[in-house]
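One structure is given below, encoded as structure tokens.
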Amino acid sequence: MITLSDLTKVYRTEEVETTAIHKLNLTVKEGEFVSIMGTSGCGKSTLLNIIGLLDAPTSGSYQFADEEVSKYSEKQRALLRKANIGFVFQNFNLIDELSVYENIELPLIYNKVPSSDRKKRVNEILERIGIAHRAKHFPLQLSGGQQQRVAVARALVANPKLILADEPTGNLDSKNGNEVMELLAELHASGATIIMVTHSSYDAQFSSRIVMMKDGEIISEKTNTRDIDVLVE
Amino acid sequence: MLRTWIKIFFRNSKKNWLNVVVNILGLTLGFAGLLIVLLYFNDELSYNKTNPDKNEIFRVIHKMSDGDVWATSTNVEGPKYKEDIPEIKDYYLSNSWYENSLVKVGDKELYTRDILQGEPNFFEFFSFKIVEGNAETFKQTRNNAALSEKQAKIFFGKESAIGKSIDVSGSIYTVTAVYKIEGKHYFMPEMVIQYKKQPLDVRWGNFSKTLFVKTVEKPNLADLEEKALAVWYKNEVLPSSKRDGITPEKFMEKYGTTPVFEAIEDIRLKTISDDAGPEGSGNYQLILIMLSLSVLLIIISCVNFINLSIASATQRAKEVGVKKTFGLSKATLVRQYALEIVLQSFIAFLLSLLFVELLLPYFNEFMDKEISILEIDLLIKVALLAIVISLLIGIIPALYLSKFKSVEVLKGNISRSKKGVLARNIMLGIQFLISGFFLTGSIIINKQVEYMIEKDLGFKGDQVVMVSMNKYKDRYKNYLLAKNELVKHPNIETITSNSFIIGGGSSNSTNFNYKDISVQTNANAIDYNYLDVMNIKLVKGRELKEEIASDTTKNVLINETLAKALHIYDDPIGKKLSAGFQGDNNDGKNLEVVGVVKDYHITGLDGKIPPTVFMHWNSFDWMKQNFWTIQFKIKPDNVEETLDFIEEYWNENIEQGYPFNPVFVDKRFARTYKKYEKQQTLFFILTSIVIIISLLGLFALATLTIQQRLKEVAIRKTLGASVKEIIFQLIKSFLKITVIASVILIPIAYYFMQNWLENFVYRINMPIWPYIMTPIILVLLVFTVVGVKAMNATKIDLIKYLKFE
Ligand SMILES: Nc1ncnc2c1ncn2[C@@H]1O[C@H](COP(=O)(O)OP(=O)(O)OP(=O)(O)O)[C@@H](O)[C@H]1O
Ligand SMILES: [Mg+2]
């Protein structure tokens with residue numbers, strides 16, 4: 001589903017030039033759950049942003065669903081992104097002025113889903129992540145874990161092909177973090193493709209493959225054997 | 001330290017130049033408005049301020065039984081007050097108005113304006129600075145004149161004026177004082193002359209003069225007025241009621257006069273009477289309106305300033321970058337912002353001084369004033385105010401910023417409190433409301449003025465020149481003389497006259513009766529050719545003719561209004577009218593209507609066309625007293641030459657020494673809407689200022705809210721919102737404010753503009769479209785300003801706003 005070859009990202013500021021990603025190669029298949037790990041500043045977020053079409057690579061190729069997208073304009077990327085990719089951020093990035101329901105509804109609105117459909121899908125998702133009773137609340141009235149679950153719900157609601165999560169548990173205590181991870185694992189089990197950046201090797205255990213990065217390059221990959229049996233323990 | 005601050009300020013200003021310009025511009029306008037209004041206010045308040053006895057000098061005015069308040073007084077009451085009321089030490093009686101007259105100085109005759117005639121003790125009440133001669137000698141006899149420095153120079157050049165004789169319309173005076181007027185006063189004449197005899201009219205009903213009294217220090221006003229009323233009671237009410245055979249109470253109720261003592265300082269702005277003296281009255285209401293408007297303006301500018309400052313401070317903090325600013329302490333940051341804001345408002349203050357200085361000449365011409373910016377006291381006060389304001393608007397954003405954890409501020413994650421948002425939206429709404437009001441008002445005023453200019457007035461005056469007569473004697477004779485001679489000139493078509501002044505009105509009215517219907521009617525004495533020359537149409541019957549003898553005795557014309565009022569419109573010819581006046585050989589009882597004149601306007605369009613009767617000058621000989629102007633119909637070519645010719649003849653044969661002021665009749669009529677054209681200009685200026693301020697406010701608030709919503713924009717964009725959707729999202733709240741303001745505007749603007757239109761008897765119907773236009777214009781402005789800002793917002797770097805440090 002995703003094929004990156006010789007992908008490079010260089011940040012240029014007035015004073016310095018930073019190579020955040022250097023000739024990186026990576027393939028992610030449909031239905032995989034990949035964790036990206038590595039030291040701070042090694043380029044994980046940068047990579048995720050490029051995969052998420054929020055940013056363009058400096059050079060190299062990026063094929064998304066057999067389409068070469070590395071040279072896409074911002075507008076093209078935006079179109080592709082809106083239809084195919086859902087995001088979960090460390091700081092949730094919910095809109096404080098909108099209720100839980102409205103936050104989750106947003107991607108559907110932007111994807112021009114008719115309103116009757118929207119209602120059905122949002123309610124379904126709310127049930128699924130177990131916060132239907134909080135639908136009318138505002139983000140600041142929820143716990144961190146709940147907020148992140150809303151963010152996951154928002155990422156899911158438009159049925160994207162790919163879900164990207166940048167340190168989704170970074171802001172949460174272990175209990176809340178676990179809830180979120182279990183939700184992601186469950187999604188994976190039901191067939192979603194997920195790429196997640198994390199610092200926690202515990203969280204990484206939930207995924208099917210772990211990619212280690214250093215200085216913008218992948219230094220090792222490991223397929224997870226300990227399968228989803230965590231769920232049934 | 002200060003140098004670094006200022007350096008940082010300039011570096012930042014360069015980057016955020018638009019915000020800085022907007023900030024300074026808004027404040028400059030606010031300060032300038034306030035300054036001009038205060039200067040004007042100050043000037044109006046300065047009347048009689050410098051009179052050393054201002055606390056003891058009162059003007060006596062009179063409340064009549066019908067509720068009118070007359071500014072004039074009788075001759076008799078002053079001496080009686082002085083006699084009967086111990087607290088009243090002296091009185092000064094004079095004419096109410098200045099006179100203009102020919103003054104003979106040596107062998108020259110000079111037309112002189114602003115002459116005040118009164119009792120000899122003028123300088124006891126108005127102690128002008130005497131530059132030559134002295135005030136004591138002036139008051140000793142009744143043959144003295146005092147001159148202003150300027151007038152003395154005109155009369156005598158470099159020679160001393162003291163001891164010289166002058167002849168004012170036949171009365172000889174000796175100049176005994178030359179004065180200089182400093183400050184502003186109730187009377188500011190060019191020449192003061194005395195009554196040759198003490199005015200001895202002893203009637204208590206003849207109100208024709210102005211009376212001032214001087215009291216002891218700190219008088220009890222209520223007590224004084226009571227005593228003055230007692231004087232009236234004793235001298236007028238008791239004897240007259242006895243004569244009329246009614247009770248004094250009944251007399252008081254029907255004809256009673258209550259004297260009121262008005263502090264000299266209050267007259268200009270607050271008089272309750274119909275007149276504030278020859279120097280005119282100030283419009284206190286207008287001042288209060290302007291004052292509140294300018295205070296509102298400055299509050300709005302400050303709010304705009306604060307909004308924009310918070311926005312740019314947040315933005316800057318973010319731009320500086322977390323790592324770098326982390327080193328700076330919060331206090332340092334806050335101080336830097338505060339200093340910058342104070343600096344900006346200081347610049348704004350200086351600019352406003354410059355602005356006001358440049359604007360004052362126009363303002364002075366417009367308001368007919370001589371205001372100078374060099375009112376040091378006032379400037380210091382406004383400067384202090386500027387400092388207070390700048391501290392305030394510097395501290396508020398600084399406090400606002402420091403309230404949040406600096407990390408939060410630096411990330412731009414300032415949450416928006418509901419109350420704060422509401423308050424800001426209301427402020428913006430008010431700005432839209434005011435802008436909308438002025439915009440709508442401007443359009444309607446424009447329409448009415450246009451209507452007045454284009455309205456068919458019922459006469460044609462563009463080729464007719466009106467020349468006023470100044471001398472009292474022999475006006476009609478002189479007219480006939482001029483008529484016979486001047487008409488020989490090839491460029492003078494005809495010469496005519498009437499007793500009305502188009503654009504000024506008539507000076508004579510009486511009741512005209514048909515059977516038992518009586519109508520208060522203006523009488524216009526005309527020459528045979530008057531209606532023809534003025535192109536005034538006849539709707540029925542015929543004009544007055546020289547050949548018909550009875551046309552100079554009993555035959556009259558009436559206008560449509562009178563015909564209708566007398567209910568003879570359908571069949572007016574031959575109807576017999578009787579008038580409330582008579583002539584030497586005309587009892588006025590048997591006047592016959594021979595024609596009906598189509599209504600035409602003589603006063604402005606704010607006045608009704610009065611019922612009018614037209615007769616020949618000779619029908620009522622005394623009408624010739626009302627001979628004010630001669631009209632010349634001249635050919636349109638070589639106008640200058642023709643006027644020069646008339647002037648020459650005029651000065652030689654008709655009125656030697658008097659000014660010659662020809663004016664075209666249409667121009668004279670145009671003066672009646674001068675006032676409204678001024679209002680039009682004023683409204684236009686105010687509209688522009690208010691709209692500029694609102695635009696600045698809009699800009700500031702748009703910058704701020706969008707600044708605060710950038711993260712939301714980033715999130716929405718990430719979720720797939722298109723540029724259009726985001727812009728709409730950002731504009732939405734502004735549109736809501738516009739719509740609400742527009743809706744509130746409608747009744748307010750309608751109420752005030754309907755009131756304004758009711759000034760005019762002849763007016764446009766209240767148009768609907770300005771009320772539609774205004775919201776459209778406001779919405780367009782919102783789209784432009786917020787749209788541009790929102791457009792920029794959609795171009796943000798998503799990652800920067802999404803990421804968590
Ligand atoms: N907008 C930018 N401009 C310049 N340099 C940048 C920018 N964004 C990231 N970098 C640099 O690129 C490198 C990779 O950054 P990135 O945010 O991808 O790291 P990361 O692996 O996500 O780190 P962390 O675990 O701390 O989130 C870093 O050295 C960072 O300083
Ligand atoms: Mg990162």
Side-chain angles (χ1 to χ4, degrees), chain A residues 9 11 13 20 40-41 44-50 52-56 74-75 77-98 102-113 138-140 151 154-155 157-158 160 164 166-168 170-171 197, chain B residues 11 15 319-324 404 407-408 410-422 424-425 705-730 732-733 736 791-805:
Chain A
K9 176 74 187 179
Y11 285 113
T13 55
S40 188
K44 306 179 295 287
S45 297
T46 308
L47 179 61
L48 206 65
N49 289 337
I50 291 174
L53 297 164
L54 291 172
D55 207 352
E74 204 186 315
K75 208 167 173 185
R77 286 205 308 272
L79 278 177
L80 201 60
R81 182 174 71 224
K82 132 167 122 173
N84 297 300
I85 302 173
F87 291 89
V88 180
F89 301 91
Q90 178 179 1
N91 56 337
F92 322 138
N93 277 338
L94 297 172
I95 296 175
D96 294 341
E97 285 76 20
L98 300 183
E102 291 163 333
N103 262 292
I104 297 176
E105 192 186 19
L106 275 183
L108 297 179
I109 294 176
Y110 294 139
N111 278 304
K112 308 270 181 310
V113 176
F138 288 88
L140 294 178
R154 187 180 62 184
V157 71
L164 301 177
D166 195 345
E167 300 185 38
N171 263 12
V197 167
Chain B
R11 205 181 315 140
K15 231 165 136 196
E319 276 167 10
V320 172
V322 187
K323 280 163 201 141
K324 277 182 196 157
F404 299 93
V407 193
E408 287 290 301
L410 296 178
K411 277 187 285 149
N413 293 345
I414 296 177
S415 66
R416 294 175 280 151
S417 85
K418 282 245 159 65
K419 256 197 257 159
V421 171
L422 186 68
R424 290 199 179 103
N425 286 348
T705 34
I706 290 176
Q707 179 68 37
Q708 287 172 331
R709 291 178 69 176
L710 282 183
K711 188 166 171 183
E712 179 191 332
V713 170
I715 297 172
R716 284 179 189 271
K717 232 182 131 177
T718 310
L719 296 179
S722 67
V723 170
K724 242 191 285 172
E725 281 160 330
I726 288 173
I727 291 179
F728 177 70
Q729 190 65 39
L730 291 175
K732 207 165 73 181
S733 63
K736 216 157 74 189
M791 192 68 193
N792 285 335
T794 61
K795 294 191 186 126
I796 51 163
D797 180 1
L798 286 185
I799 298 162
K800 200 164 108 190
Y801 285 90
L802 292 173
K803 112 173 132 187
F804 185 89
E805 298 285 341

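Reminder, nothing fancy here: chain letters follow the sequence lines and each chain counts from 1. These figures come from a predicted structure and were not determined experimentally. For the numbers below, each heavy atom of this structure counts, side chains included, while hydrogens, waters and symmetry mates do not.
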Rounded distance (nearest 0.5 Å) linking atom NZ of B:Lys711 with atom CG of A:Asn91: 4.5 Å
Value rounded to 0.5 Å, distance of CG in B:Leu798 from CG in A:Asp55: 9.0 Å
Chain B contact via [X] - side chain, backbone, both or neither, heavy atoms under 4.5 Å:
{"X": "A:Leu53", "result": "neither"}
{"X": "A:Asn49", "result": "side chain"}
{"X": "A:Leu106", "result": "side chain"}

Neighbour count above 12 (heavy atom, 6.0 Å) for A:Lys112 NZ: yes
pair B:Glu712-A:Asp96: side-chain heavy atoms closer than 4.5 Å: no
Side chain proximity check, A:Glu74 to B:Lys795, heavy atoms < 4.5 angstrom: no
Stepwise side chain to side chain contact (heavy atoms under 4.5 Å, CB included) test for A:Phe89 and B:Thr718: CA-CA 11 Å; A:Phe89 301 91; B:Thr718 310; 4.1 Å; yes
Option that, when pairs with chain A are counted at under 4.5 Å, heavy atom only, ranks first among B:Asp797, B:Val723, B:Leu719: B:Leu719
Backbone of B:Leu802 reached by a side-chain donor or acceptor of A:Asn93 within 3.5 Å: yes
